[in-house]
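Single-structure report; data block below.
Reminder, nothing fancy here: chain letters follow the sequence lines and each chain counts from 1. FYI, side chains are in, hydrogens and waters are out, and symmetry mates aren't considered; it's all heavy atoms of this structure.
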Amino acid sequence: MKLTFWLLDINPKVDGGKVELWLWGITESGDRVLLVERNFVAYFYAILHGAADATLVSQKIMLRHSNLVAQTEVVQRRFFGKLVTAIKFSCKDATQTGKAARLVRKIDGVSDCYEDDIRAVMRYLIDNGLAPCSWHEVEVTEEANTQGVRAVKIYSINTPPELLENIAVAPPLRTLAYSMISYSHKGTPKADRNPVVMLSAVTGDGVEKQFIAGQDRDDKRLIQAFIAYVREYDPDVIVSYGGNATDWSYLLQRCHMHGFLLSLDRAGFEPHSSVYGHVSLTGIVNLDLVNFEAMFPEVKVKTLSNFAKKLGVTAGQGTVDDVVFADYWDSDAKRGELLMFSLDSAHRVYGVASLLLDFAIELSALTSLPLDQVMSAATGFRVEWYLIKRAQKIGEIVPRRVEQTYMTYTGGLVLSPKPGLHENIAVLDFKSMYPNIMITYNLSPDTYIQPGDPEPAEGINVAPEVGYRFRKAPAGFFQEALTYLIDVRGDIRKKMKLLTPKTVEYQVLDARQKAVKILTNAAYGYAGWVGARWYIKPVAEAASAWGRHIILAASQMAQKAGVAVIYGDTDSLFIEYDKAKADQLQADVKRELKLDVEIGEVYVRVFFTEAKKRYAGLRKDGSLDIVGLEVIRGDWAEVAKHVQEHVLEIILKEQSPEKALEYVRSIVIDLRKRRVPLEDLVIWKTLMKAPEDYAVRAPHVEAAKTLISRGWHLSTGDKVGYVVLAGKGPLYARVTPYVYAKGDQIDIEYYVSNQVLPAAARILAYFDINEKELARTTKEEKTRSLTDYF
DNA sequence: GCATACGGAGTACCA
DNA sequence: ACTGGTACTCCGTATGCG
């Protein structure tokens with residue numbers, strides 16, 4: 001029978017030497033089904049030396065490795081664009097591709113083996129043109145549920161499914177969000193001794209469930225009840241905040257201590273660690289919002305509530321800090337508050353997930369990485385799987401990842417800004433500069449001409465400065481892949497224009513164009529990544545060389561046309577705005593440099609210091625655009641950031657340095673009178689390596705050590721929030737984690753002289769108000785306030 | 001013995 | 001575990017002054 005289904009999840013099921021593929025689907029009528037593929041055959045390619053006789057080598061392989069090989073086939077493929085003869089080696093045992101490839105490599109006539117490192121699931125999806133999070137049609141035969149899996153029906157696949165291109169929208173997914181709290185008085189909870197005391201769950205139908213430990217904090221029944229609930233609700237997607245790194249292994253360990261399995265997925269297996277650091281639940285998509293946070297770099301301190309607030313998810317009133325979880329549990333008066341917070345957290349998880357799920361679905365469909373993997377995979381791997389999909393279509397063999405020495409190269413060009421205030425400044429932006437350079441000059445691993453190789457008849461593009469050569473034709477692999485992405489995005493945006501923004505279709509298309517955009521923009525970075533399968537350094541190097549050439553040429557064109565250039569960085573030029581001249585320049589640049597530029601933001605006023613990559617602009621709507629300055633940095637105290645932002649606002653809107661000075665003084669007074677809350681004095685810094693690995697004593701490292709000594713588990717990448725206390729000695733000796741600090745211990749003068757004044761003076765120094773002057777005036781003020789005090 | 005200068009370590013930003 | 005370019009603070013030692 002024929003069946004139409006949406007592919008939710010896919011996993012290999014290894015049984016001895018036999019690999020079955022389990023496709024978890026949702027049918028049009030909403031049935032959750034399992035489709036079993038039993039005809040999957042793994043294979044790899046052996047590329048032959050030019051002179052080798054393919055038939056002969058093939059026979060040798062069959063003879064020598066009859067125990068491993070099911071079939072060989074001589075095929076023509078491409079490798080880095082060059083036509084090659086290869087033997088497609090189909091394996092009897094799909095788990096033995098790596099071993100077989102190692103043996104075949106040793107055979108005379110074989111140059112090397114490839115694609116033995118492609119996982120079965122990805123092999124199947126890509127070879128058959130399937131994609132997770134997409135609709136497919138398949139010919140199947142129903143069978144009995146002998147496996148005991150949680151599915152309405154089970155089918156065996158007769159012939160591989162076919163992708164249905166035209167159906168866009170996903171079926172309604174049953175989503176369950178949860179948040180758990182463990183009991184620990186001393187730092188980070190440890191699964192071997194600290195029980196889970198609360199677990200809250202929220203589902204798509206609005207149902208809230210809370211699981212609470214007993215008075216003795218026994219979590220056995222809590223976890224059992226949660227497992228039973230998951231099985232009963234039967235979610236397609238489970239979302240958490242921190243599930244991959246923490247929750248799942250924690251729950252797993254608690255279960256095993258109690259003597260039962262954490263068996264809640266659709267196959268009755270336990271959660272298990274899988275690729276890209278994600279935890280896999282068979283038949284269920286396990287999402288961790290931590291993997292989505294990188295999309296929002298403006299959220300500096302990565303917590304669930306900060307994340308939710310950023311996205312406008314307003315569930316709940318406040319937050320309860322981890323430090324006091326155990327105290328709250330112990331207190332009859334506060335336990336209710338903790339319970340409320342736990343439920344709020346689950347609502348926040350659900351709320352954030354519902355805003356980002358569409359994007360994840362589209363990225364999954366585009367790259368073919370299963371939904372639960374695509375968000376935990378690094379950008380490079382997303383790009384790579386997209387490229388592997390394209391490679392398969394054009395018969396390009398996928399190279400192995402080879403270890404290579406890392407060598408830097410020159411990147412984008414940054415022009416020195418003209419310091420001061422400028423009126424009416426437009427930003428001229430090259431649209432998707434690097435991808436378009438790569439397309440225009442056909443930069444690709446397979447078009448690069450090695451030094452010494454002859455110039456092809458089709459002609460070459462020679463990169464400025466670096467001199468690398470690339471054939472003009474035929475179209476390279478990257479050109480083909482990038483052109484497709486850019487065209488698809490254009491089509492999506494055309495379709496979106498015909499729709500109302502509130503509709504489901506519009507939202508889905510918007511998510512899709514965002515997914516396409518991030519892949520497009522990551523292609524250049526991928527090309528320069530040593531870990532890339534298709535790493536050819538000259539490709540990235542040539543792209544940045546052309547970029548420098550183009551931005552410099554455009555700047556010179558502007559100046560020749562009498563348009564002053566104030567600043568520029570990589571793919572943008574800040575120019576004095578005159579509409580007629582700017583329009584002319586835009587057309588000239590397009591004609592001469594073959595790349596599209598757009599006139600982006602037109603600022604009413606912009607302020608530059610002498611520093612690159614730092615400025616503030618006033619938009620027409622009255623809002624500020626602040627770039628690079630302390631205001632948008634995560635490692636300055638809130639009080640300093642706020643002062644600088646307000647100073648910028650006064651300068652850009654009222655152009656009154658005097659007023660700004662008065663304002664700064666007033667804040668210094670507030671500080672000295674201890675009217676500024678502790679939270680505004682916290683400095684956050686990331687722990688970039690293990691505390692013991694630091695060469696010098698740094699404040700945030702000392703604070704981290706304090707936390708660790710109090711039982712907190714910190715790992716690299718964690719943010720440490722500290723405040724500076726009064727006392728003697730270097731800074732690092734006077735800091736403490738903010739959670740353990742009291743307001744009256746604070747070294748206010750540090751915050752005045754090392755935070756607020758430098759941040760303000762960064763701007764005001766240009767108006768002849770330097771730090772000294774700010775300090776002088778504030779000292780007078782200090783004397784006065786002290787007199788008042790006494 | 002102490003203040004200052006300066007390079008290195010460390011972090012976070014822009015594109 | 002996608003790239004390079006840049007600013008800036010704090011540490012730690014070298015340097016210079018008295």
Side-chain angles (χ1 to χ4, degrees), chain A residues 275-277 291 294 297-298 300 376-384 386-387 401 403 406-417 427 429-435 438 518-535 537 539-545 547-548 551 567-574 600 609-615 625-637 640-641 683-689 691 693-702 716-717 719-720 724 729-735 750 753-755 758-759 761-762:
Chain A
V275 285
Y276 313 125
N291 294 138
E298 62 272 35
K300 307 294 176 190
S376 65
T379 314
F381 294 108
R382 296 179 192 159
V383 173
E384 192 150 77
Y386 168 72
L387 288 173
R401 218 176 288 289
E403 207 159 312
Y406 170 72
M407 296 272 273
T408 57
Y409 60 90
T410 313
L413 183 68
V414 191
L415 308 178
S416 289
V427 183
D429 272 309
F430 281 89
K431 288 205 272 184
S432 302
M433 184 193 239
Y434 286 140
M438 290 163 82
I518 70 143
L519 276 194
T520 311
N521 291 342
Y524 158 75
Y526 174 83
W529 173 38
V530 268
R533 289 174 185 263
W534 277 285
Y535 173 66
K537 200 179 76 156
V539 174
E541 213 177 340
S544 74
R548 292 193 299 277
I551 203 70
Y567 175 65
D569 185 350
T570 310
D571 61 358
S572 70
L573 288 176
F574 288 53
T609 67
E610 289 190 345
K612 296 168 173 178
K613 297 187 185 278
R614 308 185 134 214
Y615 57 88
D625 188 11
I626 302 174
V627 178
L629 293 160
E630 281 75 2
V631 176
I632 47 91
R633 289 184 67 95
D635 56 352
W636 282 73
K641 302 203 307 180
I683 297 164
W684 293 92
K685 273 202 169 76
T686 307
L687 203 58
M688 302 291 281
K689 46 190 170 187
D693 291 343
Y694 281 82
V696 293
R697 308 194 64 176
H700 72 296
V701 181
E702 296 304 306
T716 54
K719 278 253 192 322
V720 182
V724 178
L731 200 55
Y732 63 76
R734 298 189 284 120
V735 298
Y750 171 83
S753 62
N754 291 51
Q755 292 280 323
R762 184 96 53 225

Practice item. Round to a whole Å and report the spacing from CZ of F574(A) to C1' of dA15(B). Key: 11 Å
Point to revise | Partner of K613(A) under side-chain contact (heavy atoms from CB on, under 4.5 Å), chosen from V414(A), V627(A), L629(A) | key: V414(A)
**Study point:** Sequence neighbours excluded, every pair satisfying salt bridge (Lys or Arg N to Asp or Glu O under 4.0 Å) that has a member inside residues 518-535 of chain A
**Key:** D117(A)-R533(A), E384(A)-R533(A)
Exercise for review: Look at all strands and tell whether G380(A) reaches a base, only sugar-phosphate, or nothing, counting heavy atoms closer than 4.0 Å.
Suggested key: sugar-phosphate
Exercise for review: Only counting residues at least two apart or in another chain, list the ones meeting ring-ring contact (aromatic ring centres under 6.0 Å, His included) with Y567(A).
Suggested key: F574(A), F608(A), Y615(A)
Review point. Which part of the nucleic acid, if any, lies within reach of R697(A) when heavy atoms closer than 4.0 Å are counted: base, sugar-phosphate only, or nothing?
Key: sugar-phosphate
Point to revise | Span of DNA chain C, from the first to the last nucleotide whose atoms fall under 4.0 Å of chain A heavy atoms | key: dA1(C) to dG12(C)
Check your understanding: Can you tell me how far P of dA15(B) sits from CZ of F430(A), to the nearest Å?
Key -> 15 Å
Between protein and nucleotides 5-11 of chain B, what N or O pairs are separated by less than 3.5 Å?
from, atom 1, to, atom 2, distance (Å)
dG10(B), OP1, K689(A), NZ, 3.4
dG10(B), OP1, A695(A), N, 2.9
dG10(B), OP2, K689(A), NZ, 2.9
dT11(B), OP1, T686(A), O, 3.1
dT11(B), OP1, Y694(A), OH, 2.6
dT11(B), OP1, H700(A), NE2, 2.4

Check your understanding: How is L629(A) classified with respect to the nucleic acid when contacts are heavy atoms under 4.0 Å: base, sugar-phosphate, or nothing?
Key -> nothing
Exercise for review: Tell me which of G412(A) and A523(A) sits closer to the 5' end of DNA chain C, going by the nucleotide each one is nearest to.
Suggested key: A523(A)
Exercise for review: Output, in order, the C-alpha distance, side-chain angles, deciding distance and verdict of side-chain contact (heavy atoms from CB on, under 4.5 Å) for L387(A) and Y526(A).
Suggested key: CA-CA 10 Å; L387(A) 288 173; Y526(A) 174 83; 3.4 Å; yes
Exercise for review: Verify the contact: side-chain N or O of Y567(A) to OP1 or OP2 of dC14(B), cut-off strictly under 4.0 Å; return yes or no.
Suggested key: no
**Study point:** With R633(A) via side-chain hydrogen bond (donor to acceptor under 3.5 Å, both in side chains) - residues at least two apart
**Key:** D635(A)
Study note, to complete from the structure: Residues passing the salt bridge (Lys or Arg N to Asp or Glu O under 4.0 Å) test with E298(A), sequence neighbours excluded, are K310(A)
Practice item. Could I get the full list of side-chain hydrogen bond (donor to acceptor under 3.5 Å, both in side chains) partners for K537(A), not counting sequence neighbours? Key: none
Exercise for review: Identify whether any heavy atom of S572(A) sits under 4.0 Å from a base atom; if not, whether one sits that close to sugar-phosphate; answer base, sugar-phosphate or nothing.
Suggested key: nothing
Check your understanding: Got a sec, which residues hit ring-ring contact (aromatic ring centres under 6.0 Å, His included) with Y434(A), two or more places apart in sequence or on another chain?
Key -> Y524(A)
Check your understanding: Using a cut-off of 4.0 Å on non-hydrogen atoms, how would the nucleic acid contact of Y276(A) be classed: base, sugar-phosphate, or nothing?
Key -> nothing
Check your understanding: Listed by chain and number, what are the ring-ring contact (aromatic ring centres under 6.0 Å, His included) partners of Y732(A), not counting sequence neighbours?
Key -> none
